[in-house]
Amino acid sequence: MKAAGRIAFFYLLFGYVWIYFSDYTISLIFESAEEIREIQSLKGWGFVTVSAVIIFFLLVRELQRQKRVLFGKIESDQLFQVILERIEDAVIVFNLDTWKIDFLSEQVSRLFDIPTKEILIHPELLIERVHESDRERMTHIWMNQLRENHTGLLYRIRMLDGKINWALEHRLFIPTKEGSANKAVAVITDMTSYMENQSKLERSLRENETLLTEVHHRVKNNLAVIISFLQLQVYSSPPETADILEQSIVRIKAIALVHEKLYSSKNLSGLSSIDYITSLVENIKLMYMRTDILIELDVQQLEFNIVDAIPMGLMITELLTNSFRHAFTNGKSDALIKIDFIVTDKYNYELKYRDNGVGFPPGLNYKKAESIGLSVIFSLCSQMNGREVECSSSPNKGVFYHFAFSPKKVIPKDDSSVSKR
C-alpha cells in the first residue's frame with residue numbers, strides 16, 4: 001500500500017507539472033490555432049511515453065526494495081530456524097487463533113518421545129506424556145492460561161519405557177500485531193540430568209549429616225566415659241589430686257556439651273550462643289552445687305561454629321570455676337556473678353564477666369600469675385582472635401573481665417537475647 005501511494009502521488013504531481021508548463025510553453029512559442037492543436041496532440045503522446053518510462057523505473061526500484069526486504073526476512077527466518085533446531089531447549093509455537101501448532105523443534109520429539117508428525121496432528125499427546133501427579137496442573141495451564149506468561153513450570157514426563165524425565169517450561173504470550181495471530185511460545189528445558197545430580201547431592205548431604213551426627217554422638221559418649229573414669233579416680237585420690245581431677249572434669253564437660261548440642265541440633269554447622277552458654281552455666285553451677293550464688297545472664301543471639309564454641313565454653317568454665325573456688329569462700333550472702341555476651345556487629349562480639357567476691361590477692365599481677373586458670377583464660381582469648389579490654393579487681397568487690405573478639409567465621413542471627421538467673 002505504501003509503494004502504490006508513493007507511485008500515485010508522483011504520477012499526480014508529474015501530471016500537474018506537465019500540463020501547466022507544457023501549455024505555458026506552447027502559448028509562448030506558437031501563435032496559430034492549427035499549430036497549437038498539432039502540438040497538443042504530440043504533447044499527449046509525449047506525456048504517456050514519459051510517464052510510462054518514469055513509472056517503469058519507479059516500479060523496478062520499488063520491486064528491488066521489496067526484494068531486499070523479502071530476502072532479509074527469509075534470511076532472518078532461516079537463521080531463526082537454525083537457532084531453534086540447534087539449541088538444546090525444545091520450542092513450541094502455538095497459534096491461539098487456529099488452535100494449531102505453527103512451529104515445533106526437533107527437541108520436542110526427543111524430549112516427549114513422540115514423532116513430530118504425530119504431535120502436529122494430535123497435540124494432546126503431549127499432555128498424555130506428562131506424569132500423572134503433574135498432569136492436572138499442566139493441563140489447566142496449557143488449556144486455560146495460554147494468554148498468560150509463566151516461568152519456572154517444573155513437571156515430570158513419563159517415557160514409554162517407564163523412565164521419568166524432568167522438564168522446566170517457560171511460557172510467553174505474544175499478542176496480535178498488525179493482523180498477525182495471537183501466539184503462545186513454550187521453551188522447555190530438559191532438567192533430567194540436573195534433577196538426578198541434585199538428588200545425588202541431597203542424598204550425599206543426608207549421608208554426611210548422618211555421619212557427622214554420629215561422630216558428635218560418639219565423641220560425646222567417649223568424653224562421658226573419660227569423665228566417668230575421672231570421677232571414679234576422684235573418690236580414691238587425696239584431696240589435692242581430687243581437686244585437680246574435678247577441674248579437669250569440668251573442662252571436659254564444657255567440650256562434651258558442644259558435641260551434645262550439635263548432636264541434638266538440626267544445624268550441624270552452628271551452635272546457638274544463648275542455648276550453649278545458658279546450658280554450660282547451669283551444668284557448672286549444678287556440678288559445684290553453689291545454690292548460694294546468684295548468676296545473671298544477658299546473652300545475645302549468635303551462631304557459633306565449633307572452632308569458636310569450644311574455646312569460648314572453656315573460657316567461661318575457667319571464669320566460673322575460679323569464682324566458685326576462690327571468690328566466695330566466706331559464704332557471702334549476696335554473692336553475685338554476672339555474664340554479658342554482647343554482639344557488637346556482624347563479625348564481632350564481647351564477653352563481660354564480673355563477680356562481687358573477694359577479688360585478686362593484694363599485689364597480684366594477673367599477667368604474671370602462675371595460676372593455670374588465669375593463663376588458660378588469656379590463652380583461649382588469643383586463640384579466638386580476641387583481646388583483653390579490661391581486667392580489674394578490688395578487695396571484697398570482686399573481679400571484672402572484658403574481652404572483645406573478632407573471629408573469622410560467625411553468622412549472627414537476630415537481636416534476641418536471654419536474661420536468666
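Everything numeric in this text was worked out from a predicted model, so none of it was measured. Positions are given from 1 along the sequence.
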- Establish, from distance only, whether the side-chain atoms of His150 and Glu169 form a donor-acceptor pair under 3.5 Å. no
### Message
Ring-plane angle category for Phe405 and Phe403, please: parallel below 30°, perpendicular beyond 60°, tilted otherwise.
### Response
tilted
Report task. On the 0 to 90° scale, with breaks at 30° and 60°, tag the Phe324-Tyr288 ring pair as parallel, tilted or perpendicular. Result -> tilted
Practice problem: Check the angle between the aromatic planes of Tyr349 and Phe341 and answer parallel, tilted or perpendicular using the 30° and 60° thresholds. | Solution: tilted
Only one of Glu132, Lys163, Arg129 passes side chain to side chain contact (heavy atoms under 4.5 Å, CB included) with Arg158, and that residue is Glu132
- Between Lys200 and Glu202, is there a salt bridge with N-O shorter than 4.0 Å? no
Q. Is Asp102 paired with Lys100 through a side-chain N to carboxylate O contact shorter than 4.0 Å?
A. no
Review point. Can you say whether the rings of Tyr155 and Phe112 are parallel (under 30°), tilted (30 to 60°) or perpendicular (over 60°)?
Key: tilted
### Task
Answer whether the closest heavy-atom distance between the side chains of Asp334 and Asn356 falls below 4.5 Å.
yes
Note: Gly152 and His170 closest approach over all heavy atoms is N-ND1, 3.2 Å
- prompt: When you check the gap from the basic side-chain N to the acidic O, do Glu318 and Arg251 get nearer than 4.0 Å?
  reply: yes
When Lys352, Arg354, Glu350 are each screened for side chain to side chain donor-acceptor pair (under 3.5 Å) with His402, the one that passes is Glu350
Answer yes or no: does atom CZ of Arg218 have more than 12 heavy-atom neighbours from other residues, nucleotides or ligands under 6.0 Å?
no
